Protein chains: 4
Amino acid sequence: MNIGFIGLGSMGAGMARRLIDAGHTLTVYNRTRSRAEPFQALGARVADRVHDAAASAEALITMVGDDRALEEIVFPPGDALHALPTGAVHLSMSTISVALSRRLADAHRDYHRHYLAATVLGRPDVAAAGKLFVVVAGPDDQVRRCQPIFDALGQKTFNAGKDAPAANVIKLAGNFMITTVIESLAESVALARKHGIDPHVLLDVLTGSVFSAPIYHTYGTIVVEQNFDPPGFKLPLGMKDNALVLEAARNAAVPMPMASLVRDQFVAAMAAGLAKEDWSAIARITYRNAGL
Amino acid sequence: MNIGFIGLGSMGAGMARRLIDAGHTLTVYNRTRSRAEPFQALGARVADRVHDAAASAEALITMVGDDRALEEIVFPPGDALHALPTGAVHLSMSTISVALSRRLADAHRDYHRHYLAATVLGRPDVAAAGKLFVVVAGPDDQVRRCQPIFDALGQKTFNAGKDAPAANVIKLAGNFMITTVIESLAESVALARKHGIDPHVLLDVLTGSVFSAPIYHTYGTIVVEQNFDPPGFKLPLGMKDNALVLEAARNAAVPMPMASLVRDQFVAAMAAGLAKEDWSAIARITYRNAGL
Amino acid sequence: MNIGFIGLGSMGAGMARRLIDAGHTLTVYNRTRSRAEPFQALGARVADRVHDAAASAEALITMVGDDRALEEIVFPPGDALHALPTGAVHLSMSTISVALSRRLADAHRDYHRHYLAATVLGRPDVAAAGKLFVVVAGPDDQVRRCQPIFDALGQKTFNAGKDAPAANVIKLAGNFMITTVIESLAESVALARKHGIDPHVLLDVLTGSVFSAPIYHTYGTIVVEQNFDPPGFKLPLGMKDNALVLEAARNAAVPMPMASLVRDQFVAAMAAGLAKEDWSAIARITYRNAGL
Amino acid sequence: MNIGFIGLGSMGAGMARRLIDAGHTLTVYNRTRSRAEPFQALGARVADRVHDAAASAEALITMVGDDRALEEIVFPPGDALHALPTGAVHLSMSTISVALSRRLADAHRDYHRHYLAATVLGRPDVAAAGKLFVVVAGPDDQVRRCQPIFDALGQKTFNAGKDAPAANVIKLAGNFMITTVIESLAESVALARKHGIDPHVLLDVLTGSVFSAPIYHTYGTIVVEQNFDPPGFKLPLGMKDNALVLEAARNAAVPMPMASLVRDQFVAAMAAGLAKEDWSAIARITYRNAGL
């Protein structure tokens with residue numbers, strides 16, 4: 001497939017490489033061009049403008065940092081919406097607000113382009129290995145059309161229905177749930193440590209019994225060992241996603257007290273100067289409040 | 001082994017049966033005698049008093065509902081502490097407070113009896129199948145001595161060190177973590193439903209990706225289907241364990257804001273008349289607050 | 001003084017009348033013109049456009065509903081910033097975000113116009129009576145210049161220093177504190193009622209002893225009598241101000257757990273369909289969660 | 001009146017002196033006898049045992065630190081319940097649990113003694129000045145009988161009805177509300193400080209406008225100046241009262257999320273080693289979490 005790929009950050013770079021390896025023809029674009037250049041050697045065309053990445057694409061993938069970045073790509077100045085050939089599909093894979101995803105779905109429909117929200121769960125190393133979990137939502141025929149893309153990127157694709165923003169809601173819910181895992185682990189570890197218990201023993205019990213999911217193993221180890229640096233997913237990004245889930249919840253009139261609680265932990269972590277650490281460094285706040 | 005077994009509730013009954021099946025000689029006692037009588041047919045002796053269950057035991061297992069019940073067994077009127085032969089070991093398997101476990105450890109030492117805290121993770125069907133997870137803490141020689149008991153009851157034994165109350169702390173932390181799973185699932189499901197998303201899809205994504213632990217499958221299904229009745233673990237019992245973890249946390253000066261949040265949900269659930277439902281019925285409060 | 005006055009809602013209308021009564025010359029503008037017309041009979045000129053209200057003003061007062069409304073007045077399409085004569089002062093009296101107030105302060109400075117943030121505490125009846133509390137911040141000479149305006153509107157003026165956004169922070173803190181009064185009253189009333197105590201007695205004790213401030217009397221009566229309708233200050237407006245204080249707090253890295261808690265109450269109140277009631281109707285959520 | 005007075009702590013000592021000054025005949029008892037001896041010079045009889053303070057009393061006042069202390073006075077070993085003459089009245093003035101007050105009301109009725117709960121609002125200096133606020137509940141004839149006592153101790157008496165524990169509920173609600181004032185002030189002050197605003201200005205606005213109650217002035221000054229030492233009311237005592245209100249709320253199935261939030265602050269303050277400071281030192285936790 002002829003694919004335009006915009007956004008070559010730590011996630012996007014690995015994903016783009018997977019698509020090239022799977023035999024797709026890529027035109028890549030990145031705001032900071034130096035990050036795009038290595039892709040030339042891999043056989044991709046490097047675009048100078050958003051327009052050039054979109055103009056000949058059957059599918060345009062966007063994988064950028066936040067709402068604003070995506071708005072500047074799809075709408076002017078980038079204006080991919082107009083550059084995209086009629087009948088092409090835009091695969092919005094970034095973690096963005098539900099409201100923007102809704103606006104994009106409407107705008108693409110009005111301009112006779114196709115739009116899918118296809119969010120991904122997994123960290124950069126998982127992306128590079130093509131082992132992401134993909135959650136896609138949008139018209140069935142477009143989902144089918146893009147299946148080869150999902151197969152190249154992920155180990156499993158979930159179909160969340162015809163309404164594209166559903167994929168964004170699910171992605172945000174997933175990230176919210178990870179934050180509750182982190183905070184609950186931090187509180188349990190603090191409790192164990194202050195009772196003189198080696199937290200590795202606690203973690204062995206949890207992950208060796210009913211909490212056997214990889215997420216408990218991964219974050220349990222980080223939280224116990226306090227390996228918050230270097231970060232796998234930076235604290236301000238986690239805080240941004242927490243803000244997005246709270247916004248989506250408020251717009252739908254859903255109180256999410258656990259998300260509010262985690263929000264306060266993120267703010268305290270920022271106040272403590274932890275912006276360069278992993279988002280699980282909110283555990284430091286929990287430990288400090290316990291006098292550890 | 002000659003085992004005294006006190007407390008034949010939904011957990012205890014299954015555990016006692018497993019021990020009989022494994023070839024141990026049991027003397028069972030239950031406050032409501034009618035629950036003990038069926039064990040006669042299985043080859044157990046039925047004691048009329050706590051004293052009779054303890055007097056000839058190499059190991060005395062207690063599996064009762066709360067601190068008060070256990071105090072009345074170990075101290076007068078039950079006075080198992082004195083009835084127990086010198087050198088015998090008391091295996092305290094109930095979910096009790098850390099403070100009482102500490103007091104029991106001290107009392108047994110003063111009276112030259114052995115004491116182990118051996119808490120279990122799993123619901124009644126798991127107990128009946130001998131598939132519990134056992135967390136034991138106390139002197140190494142006593143842990144070794146009781147290994148055949150743990151092997152009969154559980155699929156795996158974790159050693160939490162020489163200080164018995166550690167097993168109680170870990171058990172309470174485990175139950176706390178389950179409550180955070182329930183509440184986080186409830187908030188996510190409310191978010192999905194109010195965005196028009198089938199919550200089964202959300203649950204499929206979660207359990208099919210990074211939340212693959214059985215706990216998410218079990219409680220996710222209950223929370224999505226709203227199968228809170230009949231209960232697997234009654235709400236007031238869950239609330240009691242939440243109170244125990246908050247007490248243990250306060251005594252060690254550990255703020256546990258997530259446990260506080262769950263506490264408020266339990267209280268609201270009691271106010272809503274949900275005392276006979278499963279502890280996961282706190283999800284009803286979350287749903288109601290979202291206008292569902 | 002020649003005063004342009006934009007925004008004749010329930011607060012603004014009373015304030016504009018006070019200024020006319022005090023002898024000032026007003027040119028009034030309101031988006032919905034019908035609300036402005038009655039002011040003609042009082043001697044005011046009614047402007048058709050923002051520009052006309054600003055063009056001849058020595059002081060331009062804005063008292064509008066939210067950030068967006070104010071942005072559309074000051075910047076294009078309204079463009080009051082350019083319409084305002086050099087040397088004139090803009091008195092921003094609306095409850096707006098700290099970030100927008102900062103942006104306005106910068107823009108006015110760049111365009112050689114003066115800017116004061118002058119926020120007010122009090123409900124519409126208080127505004128109509130000229131008994132508001134005014135919190136002003138900005139350059140001292142401009143504060144002195146506008147003192148006759150403050151004297152006409154309020155019973156007391158507080159000077160919050162030279163940095164205009166300080167007045168906005170203090171206003172938001174004040175509204176936040178009112179929400180904590182409402183919620184704490186609601187929780188206490190629920191506690192009393194469920195113990196069979198007449199909540200009027202509780203309120204008498206509180207307001208007759210150490211909680212003698214008018215805010216406890218006003219909201220205590222509303223919360224006890226459940227007089228949430230008609231509203232004095234509508235719930236969505238209260239929710240908006242709560243969002244503003246949380247935004248200001250996040251931007252300055254200040255966790256405000258009480259504001260987060262109140263946020264969840266507001267969201268639950270919206271989910272319960274209370275958008276047309278007073279913001280103190282969050283008490284209904286507290287009562288419901290207590291089974292009342 | 002012949003008054004037995006038990007408990008000469010910082011509150012009780014000032015109260016006992018007021019009663020002597022008002023012409024009553026006192027027999028005083030204190031566990032640590034040295035605190036009682038100075039009262040001999042003021043004309044009081046010093047009792048060696050609880051029994052001696054109760055045996056000849058028309059009214060027995062208890063003003064002690066917690067439930068346990070009061071239980072040991074009323075029930076064996078102190079056994080004041082039996083020592084008290086038939087027809088005498090026990091005025092329970094300590095801050096105790098609602099459950100114990102209920103138990104005391106029942107026990108006194110069974111033994112044909114009278115029981116009033118008469119709780120007080122005010123700090124030691126207020127007690128010494130006879131300016132307390134008294135909240136009394138119990139049978140009307142006993143309230144009338146004790147009015148001279150209330151007049152000597154307080155500036156105002158509130159009658160909370162015939163059911164004695166009502167006075168305890170109201171006292172606990174009052175203390176709860178003070179904690180919300182402290183925490184809301186701390187969050188507002190943190191917000192102001194991090195926006196570069198002198199918190200004295202914020203406090204002036206609040207106390208000079210709608211938050212004019214003494215409680216805001218008193219605690220606002222402490223929180224702004226960080227005068228937490230020496231304490232007026234020690235942090236562990238405040239934490240105890242918070243535990244009592246949460247217990248009373250749970251028993252009546254009332255979620256009190258603000259009380260839960262304050263509880264976490266108290267626990268964090270204990271973890272930070274602030275046990276010897278004023279209960280308003282929870283503000284230190286709020287400041288620290290804001291990076292101040």
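Proteins get letters first, then strands, A, B, ... in listed order; numbering begins at 1 in each. Small disclaimer: the values here were computed from a predicted structure and weren't measured.
Inter-residue side-chain proximity for A/Ile215 and B/Phe211 is flagged as met; some heavy-atom pair is nearer than 4.5 Å.
The CG atom of B/Leu206 sits 8.0 Å away from atom CD1 of A/Ile170, with the distance rounded to the nearest 0.5 Å. Note: B/Leu261 CG to A/Leu261 CG = 6.0 Å, rounded to the nearest 0.5 Å. The NE2 atom of A/His195 lies 9.5 Å from the CG atom of B/Asp163; values are rounded to the nearest 0.5 Å.
Using a 4.5 Å cut-off between non-hydrogen atoms, the part of residues 173-185 of chain A that approaches chain B consists of A/Ala173, A/Gly174, A/Phe176, A/Met177, A/Ile178, A/Thr180, A/Val181, A/Glu183, A/Ser184, A/Leu185. For a heavy-atom cut-off of 4.5 Å, chain B lies close to A/Asn289, A/Ala290 in residues 285-292 of chain A. Proximity to chain A at a heavy-atom threshold of 4.5 Å picks out B/Val98 from residues 92-103 of chain B, in numerical order.
Heavy atoms closer than 4.5 Å to chain B are found in the backbone of A/Asn159, but not in its side chain.
Top candidate by heavy-atom pairs under 4.5 Å with chain B, chosen from A/Pro165, A/Pro255, A/Ala213, is A/Ala213. Of the listed residues (B/Gln265, B/Gln155, B/Lys194, B/Arg193), the greatest number of heavy-atom pairs within a distance under 4.5 Å of chain A belongs to B/Lys194. Ranking A/Ser212, A/Ala192, A/Ser188, A/Ser209 against chain B, the residue ahead of the rest is A/Ser209, based on heavy-atom pairs under 4.5 Å. Contacts with chain A were tallied for B/Ala190, B/Ala248, B/Ala166; B/Ala248 has the most, counting heavy-atom pairs under 4.5 Å. Taking A/Gly122, A/Ala259, A/Gly208 one by one and counting their heavy-atom pairs under 4.5 Å with chain B, the maximum is reached by A/Gly208. When each of A/Ile197, A/Val262, A/Val205, A/Leu202 is checked for heavy-atom pairs under 4.5 Å with chain B, A/Val205 comes out on top.
Applying the 6.0 Å contact sphere to NZ of B/Lys234 captures no more than 12 heavy atoms from other residues, nucleotides or ligands.
For residues 116-125 of chain A, every residue pair satisfying the salt bridge (charged side-chain N to carboxylate O under 4.0 Å, His left out) rule, not counting sequence neighbours, is listed here: A/Arg123-A/Asp278.
A donor-acceptor pair under 3.5 Å is formed between the side chain of A/Glu187 and the backbone N or O of B/Met258.
The two residues B/Leu191 and A/Val254 have their closest heavy-atom pair at N-CG1, 4.0 Å.
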